[in-house]
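Before any comments, here is the structure.
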Number of protein chains: 2
Amino acid sequence: MGWAAVSAGEEVRLKLVEAEEPEDNDYHLQEQVGFILRKAHQRHVAIFAAHIADLTPPQFAALAKLHDVGETSQNQLGTLIAMDAATVKGVIDRLKARGLVELSKHEVDKRRLLVNLTVEGREAVERLIPLARGITEETLAPLSAKEAATFMRLLAKLA
Amino acid sequence: MGWAAVSAGEEVRLKLVEAEEPEDNDYHLQEQVGFILRKAHQRHVAIFAAHIADLTPPQFAALAKLHDVGETSQNQLGTLIAMDAATVKGVIDRLKARGLVELSKHEVDKRRLLVNLTVEGREAVERLIPLARGITEETLAPLSAKEAATFMRLLAKLA
DNA sequence: TTGATATCATTTGCATACGAATGAATTTGA
DNA sequence: TCAAATTCATTCGTATGCAAATGATATCAA
């Protein structure tokens with residue numbers, strides 16, 4: 001308890017208050033959703049790296065989404081994979097440097113920079129997708145199938 | 001469906017296969033736990049920033065943990081808040097620059113760098129903890145109380 | 001039509017995040 | 001005891017991640 005040192009009369013008052021407001025006086029960082037979310041994310045990234053060493057999760061997300069939707073503008077891709085413009089630029093730059101994507105200018109709208117998979121990029125995604133399924137599985141491994149389904153449903157509500 | 005273009009006989013085979021293996025041929029990024037985890041974390045950080053503008057979640061985590069356990073070594077603090085040595089150093093450096101923590105050398109073990117809250121740091125944490133509770137609440141707001149409890153239980157298992 | 005807005009992309013600056021290498025200090029174990 | 005292993009901290013390099021400012025282009029509306 002957090003009030004062990006108070007007088008007997010004070011204890012009574014605090015107990016009554018706690019009956020209405022079940023909150024503990026202490027703040028427990030490890031019980032806060034943000035803190036655990038950060039740790040769960042860290043764990044996932046570590047699992048990802050153990051299976052796919054030469055690509056980061058954001059890089060793979062970009063490739064997988066391009067594989068899914070085909071050529072799109074850099075900005076639109078960012079929207080699809082939840083990355084802001086500055087971040088997606090860096091990711092695409094690095095994928096381009098490795099020959100996995102290629103860039104071209106939109107014919108009509110000269111503001112847009114189109115991004116597409118190269119043949120190498122397509123081969124890479126298709127080779128990696130089975131591994132990615134394994135990463136999802138391993139990340140969820142601490143949960144039973146039923147728990148995992150519940151977790152995914154609730155997590156999706158939060159995100 | 002993913003096999004609309006196959007022959008009627010092929011459809012039957014695929015249906016039988018799918019009965020055993022419910023996996024779709026497509027890979028859906030937005031259904032992968034890592035992708036949603038990243039988005040949920042992003043949302044939390046945004047909520048945090050809206051309530052506590054002058055501190056990041058890792059910085060607050062460091063202060064809150066120091067408030068909880070008192071003086072510790074930089075490395076030990078990192079363990080407690082799930083940050084590696086290189087990351088925690090940056091966080092502590094910035095908190096020190098703002099006068100919220102102070103550093104000293106361990107008398108016995110000369111390798112250790114002790115970190116402690118300053119008076120200002122202590123005041124800041126105590127002022128911010130109520131806001132942090134609100135951040136946790138708002139992050140979980142899309143869930144009912146029961147759902148939130150379930151989610152926290154499962155999330156803790158994953159992290 | 002044209003002036004105000006909006007969109008797309010880039011750049012800069014700051015803050016995590018982590019692997020790897022390094023050096024200093026401590027602990028372990030043969 | 002003393003060499004090997006471990007621990008603590010620092011530094012470097014790379015990669016997100018986002019706010020804010022900027023410039024180019026496109027769209028909207030009076």
Side-chain angles (χ1 to χ4, degrees), chain A residues 34-35 37-50 52-63 71-98 100 103-115, chain B residues 34-35 37-50 52-63 71-98 100 103-115:
Chain A
F35 183 75
L37 222 36
R38 177 169 144 271
K39 287 216 300 176
H41 183 249
Q42 279 176 5
R43 173 170 167 271
H44 167 76
V45 172
I47 291 171
F48 189 101
I52 300 179
D54 60 342
L55 232 46
T56 64
Q59 287 167 3
F60 176 74
L63 294 182
E71 189 175 60
T72 28
S73 73
Q74 198 175 258
N75 242 30
Q76 175 61 17
L77 180 61
T79 300
L80 293 172
I81 59 180
M83 266 179 232
D84 74 14
T87 301
V88 81
K89 185 188 190 309
V91 172
I92 294 303
D93 279 355
R94 285 180 283 275
L95 291 175
K96 175 176 150 61
R98 293 174 53 176
L100 299 175
L103 305 179
S104 57
K105 288 180 181 171
H106 188 109
E107 286 301 319
V108 179
D109 188 339
K110 295 178 193 170
R111 294 169 306 177
R112 296 189 199 173
L113 187 63
L114 296 175
V115 190
Chain B
F35 182 76
L37 222 35
R38 177 169 144 270
K39 287 216 301 176
H41 183 248
Q42 279 177 4
R43 174 170 166 273
H44 167 75
V45 171
I47 291 171
F48 189 101
I52 300 180
D54 59 344
L55 232 45
T56 64
Q59 287 167 2
F60 177 74
L63 295 181
E71 189 175 60
T72 27
S73 74
Q74 198 176 256
N75 241 31
Q76 175 61 16
L77 180 60
T79 300
L80 293 171
I81 58 180
M83 267 178 231
D84 75 12
T87 301
V88 80
K89 183 184 191 312
V91 172
I92 293 303
D93 278 355
R94 286 179 283 275
L95 291 175
K96 175 178 150 61
R98 293 174 53 177
L100 299 175
L103 306 179
S104 57
K105 289 181 182 170
H106 187 110
E107 286 302 319
V108 178
D109 188 339
K110 294 178 191 168
R111 294 169 307 178
R112 296 189 199 172
L113 187 63
L114 296 174
V115 189

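Naming convention: chains lettered A, B, ... in sequence-line order (proteins, then strands); numbering from 1 in each chain.
Listed here is the closest heavy atom pair of A:L103 and A:K96: CD1-CD, 3.4 Å. Of all the heavy atoms in A:K89 and A:D93, the pair that sits closest is NZ-OD2, 2.6 Å. Contact between B:S104 and B:E71 at its shortest, heavy atoms only, is OG-OE2, 3.6 Å. When all heavy atoms are compared, the tightest approach of A:V91 to A:M83 is CG2-SD, 3.9 Å.
Nucleic acid contact for A:V108: sugar-phosphate only, since backbone atoms but no base atoms lie under 4.0 Å from a heavy atom of the residue. Contacts of B:V115 with the nucleic acid, taken as non-hydrogen atoms under 4.0 Å apart, are absent.
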Acceptor/donor pairs from residues 52-63 of chain A side chains to any protein atom, 3.5 angstrom cut, sequence neighbours excluded:
residue	atom	partner	partner atom	Å
A:T56	OG1	A:Q59	N	3.2
A:Q59	OE1	A:T56	N	3.1

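When atom types are taken as modelled, the side chain of A:Q42 and the backbone of B:A82 share a donor-acceptor pair closer than 3.5 angstrom.
Distance, A:F60 CZ to D:dT16 P: 14 Å, rounded to whole Å. In this structure, B:R38 atom CZ and D:dC18 atom C1' are separated by 12 Å, rounded to whole Å.
Note that the first and last nucleotides of DNA chain C, 5' to 3', having any atom under 4.0 angstrom from a heavy atom of chain B are C:dA15 to C:dT26.
Note that the CD1 atom of B:I92 and the OG1 atom of B:T87 stand 11.5 Å from one another [nearest 0.5 Å].
With B:D109 as the fixed residue, the side-chain hydrogen bond (donor to acceptor under 3.5 Å, both in side chains) test singles out one of B:K105, B:R111, B:H106: B:R111.
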Point to revise | Base versus backbone protein contacts along nucleotides 7-15 of chain D [heavy-atom cut-off under 4.0 Å; B, S, -] | key: BSSBB---S
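Take the nearest nucleotide of DNA chain D for A:K110 and for A:D84: the residue whose nucleotide is more 5' is A:D84.
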